[in-house]
Amino acid sequence: MSVIKEYWHKLSSAKHFYPIAGALLPWFLIPALLMLIWGSWQGLVVAPADYQQGDSYRIIFVHVPAAWLSMMAYMVMAINGAIYLVWKIKLADIVAESAAPIGASFTFLALATGSLWGKPMWGTWWVWDARLTSELVLLFLYLGTIALRGAIDDRQRAGRAAGLLGLVGAINVPIIHFSVEWWETLHQPATVSKFSAPSMHSSMLTPLLVMALAFTLFFFAVLMVKIRAGILEQERHSRWLSALYAEAPETTTTYSPEGEPGRNG
Amino acid sequence: MITTALYKQFSREMLGAVRQPGDALAPVVFYLIVGMLFPLALGSDPRLLAQIGPGAIWIAALLAVLLSLHKLFRSDLDNGYLDQLLLMPCPLFLLIGARLLAHWLQTGLPMLLVTPLLAESFGLDYALLPVLLSALALGTPVLLLLGAINEALTLTSRGGALLALLVLPLYVPTLVFGSGAVYAVYFGENPAGHLSLLAALALITLLFAPWAVATALRISID
Amino acid sequence: MSPMSEFFAMGGYAIYVWSAWGLTALVMTANLLLPLRQCRKLRIELEQPE
């Protein structure tokens with residue numbers, strides 16, 4: 001029991017997680033890139049054109065993974081925000097803060113690619129389709145948490161406020177999703193969602209799943225980088241970081257002012 | 001002990017409204033004015049007005065509740081009463097609940113009372129009125145409670161439009177179920193499904209929101 | 001039509017398909033490179049304190 005506790009304590013401390021995040025990065029990034037390349041090749045070249053939508057359906061290989069990631073990133077953000085709210089683990093706050101912009105950018109991507117798909121399929125850039133609408137609401141939820149964090153100067157208070165807001169949002173996301181679907185069946189009974197393929201051939205389904213997995217791994221790769229940046233930012237003045245990177249204090253005087261290439265770049 | 005504290009909290013809020021009735025009435029007047037803007041923007045075609053009426057009334061209600069939120073905690077934050085509230089030997093979420101109830105009686109209830117006026121100005125069928133009123137009666141507390149969480153969160157932060165950005169996305173389900181109930185009757189269908197969803201939403205919000213408001217206040221003030 | 005230009009034509013949907021994929025590439029690249037650059041900047045600051 002105490003071993004597990006100690007393990008979690010270590011894992012959740014910024015000092016210990018910093019090197020772990022660095023070590024994990026290639027394990028997320030390299031498979032993600034390989035799968036992205038393979039999935040793109042399969043999705044763009046190998047998979048046959050759809051008998052109804054022609055080649056335009058190939059947007060699915062980026063649209064659906066982006067939409068999936070937008071939801072998953074929100075959950076990662078909300079869970080870590082809640083952890084920070086309850087246990088005040090600094091690392092969880094850094095994770096929540098890091099996940100929000102990634103999630104927001106992929107929500108935007110899901111909306112943009114959905115719109116690019118909708119134009120040839122529906123004839124307009126925007127249709128009040130249930131999925132697009134709830135993605136739009138999700139984007140506003142992301143922007144809200146990011147804005148709330150930005151509006152509070154005190155780091156600890158900003159983290160707790162964003163954590164609570166994320167929690168409220170996480171309870172509301174399924175309700176919003178359900179309500180928008182309920183709304184669509186009421187107001188547009190004739191519209192058939194073009195995004196739902198009744199039966200997908202494996203030559204299309206496999207690349208789609210691979211792309212979804214690739215996006216997920218990519219998210220965690222970016223998250224690791226952002227966590228490292230967040231730790232560097234927050235623990236700037238801590239001793240362990242100076243010990244890791246800076247020269248010993250007395251040697252710093254040997255630096256001449258013109259010998260500082262990094263400060264301009 | 002707790003009941004007297006709650007009663008005191010409640011009556012304090014109600015007395016404030018009696019002493020300054022203009023403050024309490026502003027959201028109701030706002031509600032009527034927004035309702036009036038729709039015919040001015042869209043023209044006076046009676047058929048069109050009757051069709052957009054339920055949705056327009058819901059949007060007016062939503063904005064009126066949003067506008068009323070700044071009265072919840074701001075003045076008590078300035079005069080220091082809120083700090084005392086946090087120290088009271090009584091669960092904060094109950095005190096918050098009493099306060100929110102008083103707030104709803106001052107804004108939500110008057111809005112319900114003037115809704116028939118708005119409905120008449122849109123030329124809504126009288127058959128819609130009971131559903132519209134019950135949907136608003138279930139929906140406005142949800143709007144108020146969700147708004148109160150975010151108002152408490154943004155109490156000591158910068159930025160004026162932030163509250164609306166945080167709150168409005170959360171209002172989507174209430175708006176969908178609430179106006180959906182009225183439109184169900186409008187199209188000759190049964191509104192029971194919408195109303196029960198709205199009631200479920202109200203129940204969930206009533207259970208969780210006072211706790212969330214209390215937590216948010218502690219975050220903002222501590 | 002050569003197979004290559006046929007591939008880029010995407011059955012007449014070239015604008016939509018390629019802008020969707022291009023946008024995705026852009027967003028993903030930015031997501032990866034910006035934090036990497038920030039990380040490097042912070043590290044350099046740490047290595048060379050004033």
request  = Go through the atoms of B/Leu163 and report whether side chain, backbone, both or neither lie under 4.5 Å from a heavy atom of chain A.
outcome  = neither
query = Looking at A/Val137, A/Leu143, A/Leu164, A/Val173, which one has more heavy-atom pairs under 4.5 Å with chain B than the rest?
reply = A/Leu164
task = Go through the steps for A/Thr133 and B/Val172 under the test side chain to side chain contact (heavy atoms under 4.5 Å, CB included), then give the verdict.
result = CA-CA 10 Å; A/Thr133 310; B/Val172 168; over 6 Å; no
request  = Measure the spacing between CZ of A/Arg160 and OG of B/Ser220 and express it to the nearest 0.5 Å.
outcome  = 9.5 Å
message = Below 4.5 Å, heavy-atom pairs only: which of B/Ala152, B/Ser157, B/Ala212, B/Pro173 has the largest tally toward chain A?
response = B/Pro173
ask   = Heavy atoms, side chains only, cut-off 4.5 Å: are A/Leu165 and B/Asn150 in contact?
value = yes
task = Count the heavy atoms belonging to other residues, nucleotides or ligands that lie under 6.0 Å from CZ of B/Phe10, then report whether that count exceeds 12.
result = yes
Interatomic spacing from CG in A/Asn172 to CG in B/Leu146 - rounded to 0.5 Å = 6.0 Å
query = Between A/Ala151, A/Ala162, A/Ala161, which has the largest tally of heavy atom pairs under 4.5 Å with chain B?
reply = A/Ala151
message = In the structure I gave you, are the side-chain heavy atoms of A/Phe140 and B/Leu168 within less than 4.5 Å of one another anywhere?
response = no
message = For the interface with chain A, which of B/Val167, B/Leu175, B/Leu166, B/Leu201 has the highest count of heavy-atom pairs at distances below 4.5 Å?
response = B/Leu166
request  = Give a yes or no on this: more than 12 heavy atoms of other residues, nucleotides or ligands lie within 6.0 Å of atom CZ of A/Phe178.
outcome  = yes
message = Could you go through A/Leu148 and B/Thr154, starting from their C-alpha distance and side-chain angles, then the distance that decides it, and tell me whether this counts as side chain to side chain contact (heavy atoms under 4.5 Å, CB included)?
response = CA-CA 7 Å; A/Leu148 181 65; B/Thr154 54; 3.8 Å; yes
key: B/Leu170 vs A/Leu141, side chain to side chain contact (heavy atoms under 4.5 Å, CB included): CA-CA, chis, key distance, verdict   = CA-CA 8 Å; B/Leu170 300 176; A/Leu141 289 177; 3.8 Å; yes
Note, A/Leu85 side chain near B/Ile219 side chain (heavy atom, < 4.5 Å) = yes
request  = Give a yes or no on this: more than 12 heavy atoms of other residues, nucleotides or ligands lie within 6.0 Å of atom CZ of B/Arg47.
outcome  = no
key: Heavy-atom proximity to chain A below 4.5 Å, by part of B/Leu162   = side chain
task = Measure the spacing between CG of B/Leu153 and CZ of A/Arg157 and express it to the nearest 0.5 Å.
result = 11.5 Å
ask   = Quick one: OG1 on B/Thr215 to CG on A/Leu167, what's the gap to the nearest 0.5 Å?
value = 9.0 Å
message = Counting neighbours of NZ on A/Lys119 that are heavy atoms of other residues, nucleotides or ligands and sit closer than 6.0 Å, is the number greater than 12?
response = yes
message = Would you call the rings of A/Trp182 and B/Phe177 parallel, tilted or perpendicular, taking 30° and 60° as the class edges?
response = perpendicular
